[in-house]
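None of these values were measured; they are calculated from a predicted model. Here is the naming used below: chain letters follow the sequence lines, and residue numbers restart at 1 for every chain.
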Amino acid sequence: MTIRTRFAPSPTGYLHVGGARTALFSWLYARRHGGTFVLRIEDTDLERSTTESVNAILEGMTWLGLEYDEGPFYQTRRFDRYDEVIGELLEKGLAYRCDCSRERIERLREEAMQRREKPRYDGHCRHRQVDPDKPHVVRFRNPDEGLVVVDDMIRGRIAFDNRELDDLIIRRSDGSPTYNLTVVVDDSDMAISHVIRGDDHINNTPRQINIFRALGKEPPRFAHVPMILGEDGARLSKRHGAVSVMQYREEGFLPEALLNYLVRLGWSHGDQEIFSLEEMIQLFEIEDVNKAPSSFNTEKLLWLNQHYLKQGDPLHIAHLLSYHLGRLGIDPTSGPDLVEVVEAQRERARTLVEMAEISRFIYQDFEQIEPAAAKKHLRPAARQPLERMRAALAAQEDWSVEALHRLVEQVAEELELKMGKVAQPLRVAVVGRAASPGIDVTLHLVGQEKCLRRIDRALELIREREAAAGQ
RNA sequence: GCUCCCUUCGUCUAGUGGUCUAGGACGCUGGCCUCUCACGCCGGUAACAGGGGUUCGAACCCCCUAGGGAGUACCA
């Protein structure tokens, strides 16, 4: 059998991490088995669907690298086909027209609730001849009894009693088809073999299976993946911060990190944490997906992101960093080779945004030295080492990391001071903070001119302090 | 309310009747390394929701309870 999976979002918002993971699982399943991955846009809700959302979803998929083999198919372009199927169902008596008022339906619901029963449509119009030219909806005639058994690839066997199901609307009074009909027609027409989707669809599954059968079609296999919860264990929602996939890009995450994080959310392969795309494809089995919902944990995502920052191709990361530097108002071409910046900083940053921020000093003079760092390191005792370093650096011609390293060591030796007594004041003077890459690399990246200028500023500050103390 | 689903460290998970005094990862934490911050390395912290069965033996099988979640639309 040819494996065909699909991702079928409704374009009513951006691509969020839950949808992205579902898409990833579907994509992996297809890739794993040499199958085809189809993208279908479920836009039958004319009120809520927007082209902006379609674009946002496409953009998110592209960024993650989840390329589809067929599509995107739009359901709004298939209305004729749905009508054809509904007509067929009507003709065979497997569906019927209904003109029950919304008031009547509402009353039915309330009565059922009072009787502590599940609200269901009572089949009032099943045997009535509703005038096709008058306003009406079309309902699917659900079997009255029997069991519908779903053999879910993740949950196992789930049984539903047809008595719990009612005759659902498959065509609205405005003539548009509804979800449960369109999925079945599409999954059938597109020969989808495996439906991998969120578990909020479990309850729809028996209805859809019944429609498949009414159509004389074999239903696909189903796999319902549990949802993703927010950091606090509550349901993930727009109010829970960055849930849009594209926002993760803005916040400096790498797509490979997000993908790796997402694949491990609910799925595992022994104790392995790091998965390249190739490994995911090779090892992913839908049966290994957990049944329980899982909470999103940004801390672990950050760890993975740093892992990929550290492991990735520096040139590739440099390109991405360039964008984030730009956002800080920095012209990346106004400093050293970006690859050198990446290599110096990638063990110190968890995101590209952080990397850009801690690299700011390489390009721009700072407003003021961090007070705590200044207080601790720019004291009178630091004046002599700083002056010596200033003189040595001013005379320095070879500005390579190695040469600078020897220079700092030499000054420390001459003054009979430990490295820290020389490097720390120097660092604070040049960086404006007490943290940076190795002092040699730091000096190298900043460049001679800026280094000297900043050391002069720091020396000035020390003299001011000495004067103030002397009074 | 009704139907369906879920339940191992704070979080992600391993585990499919004995090898579990429950393993790994993130986080937190002690130490080492060290010019700072990181990285790295070594160590620590912390869980089988509760109660009944079945069995020589249960995290694993069954039942109940509790707690979460989904659906119950002319949304998808």
Quiz item: Under 30°, 30 to 60°, or over 60°: which ring-plane class applies to A:Y248 and A:F253, parallel, tilted or perpendicular?
Solution: perpendicular
Quiz item: Is it true that A:W303 and A:Y308 have ring centroids separated by less than 6.0 Å?
Solution: no
Quiz item: Nearest-Å distance, OH (A:Y96) to P (B:C74)?
Solution: 12 Å
Exercise. Is it possible for you to check whether A:R360 lies under 6.0 Å from the centre of the six-membered ring of A:F366, through NZ or CZ, and within 45° of that ring's axis?
Key: no
Quiz item: Can you tell me how far C1' of B:U16 sits from CG of A:D288, to the nearest Å?
Solution: 12 Å
Nucleotides 61-63 of chain B: which of its N/O atoms have a protein N/O under 3.5 Å away?
none

Provide a list of protein-nucleic acid N or O atom pairs under 3.5 angstrom, restricted to nucleotides 30-36 of chain B.
from, atom 1, to, atom 2, distance (Å)
B:C35, O2, A:R427, NH1, 3.0
B:C35, O2, A:R427, NH2, 2.9
B:C35, N3, A:I439, N, 3.2
B:U36, O4', A:Q424, OE1, 2.8
B:U36, O4', A:Q424, NE2, 3.4
B:U36, O2', A:A434, O, 2.6
B:U36, N1, A:R427, NH1, 3.3
B:U36, O2, A:R427, NE, 3.3
B:U36, O2, A:A434, O, 3.3
B:U36, O2, A:S436, N, 2.8
B:U36, O2, A:S436, O, 3.1
B:U36, N3, A:R427, NH2, 3.1
B:U36, N3, A:S436, O, 2.5
B:U36, O4, A:G438, N, 3.2

At a cut-off of 3.5 Å, list every protein nitrogen or oxygen paired with a nitrogen or oxygen from nucleotides 40-50 of chain B, distance to 0.1 Å.
from, atom 1, to, atom 2, distance (Å)
B:G40, OP1, A:K310, NZ, 2.8

Quiz prompt | Pair partner, B:A76 [Watson-Crick or wobble, under 3.5 Å] | solution = none
Practice problem: Using both distances under 3.5 Å as the test, list the Watson-Crick or G-U wobble partner of B:C2, or none. | Solution: B:G71
Self-check item: Under the ring pair (Phe, Tyr, Trp, His ring centres under 6.0 Å) test, residues paired with A:H201 that sit two or more places apart
Solution: A:Y179
Quiz prompt | Under 4.0 Å protein heavy-atom contact, by nucleotide of nucleotides 6-13 of chain B - B base, S sugar-phosphate only | solution = SS---SBS
Exercise. Rounded off to whole Å, could you give me the CD1-to-P distance for the A:I86 and B:C74 pair?
Key: 15 Å
Quiz item: Does B:C20 pair with anything, Watson-Crick or G-U wobble, both distances under 3.5 Å, and if so, with which nucleotide?
Solution: none
Quiz prompt | For B:C9, the Watson-Crick or wobble partner whose two distances fall under 3.5 Å | solution = none
Quiz item: For RNA chain B, what residues of residues 38-53 of chain A have any heavy atom nearer than 4.0 Å?
Solution: A:E42, A:T44, A:D45, A:R48
Exercise. Whole angstrom is fine here: how far is it from NZ in A:K118 over to C1' in B:A70?
Key: 11 Å
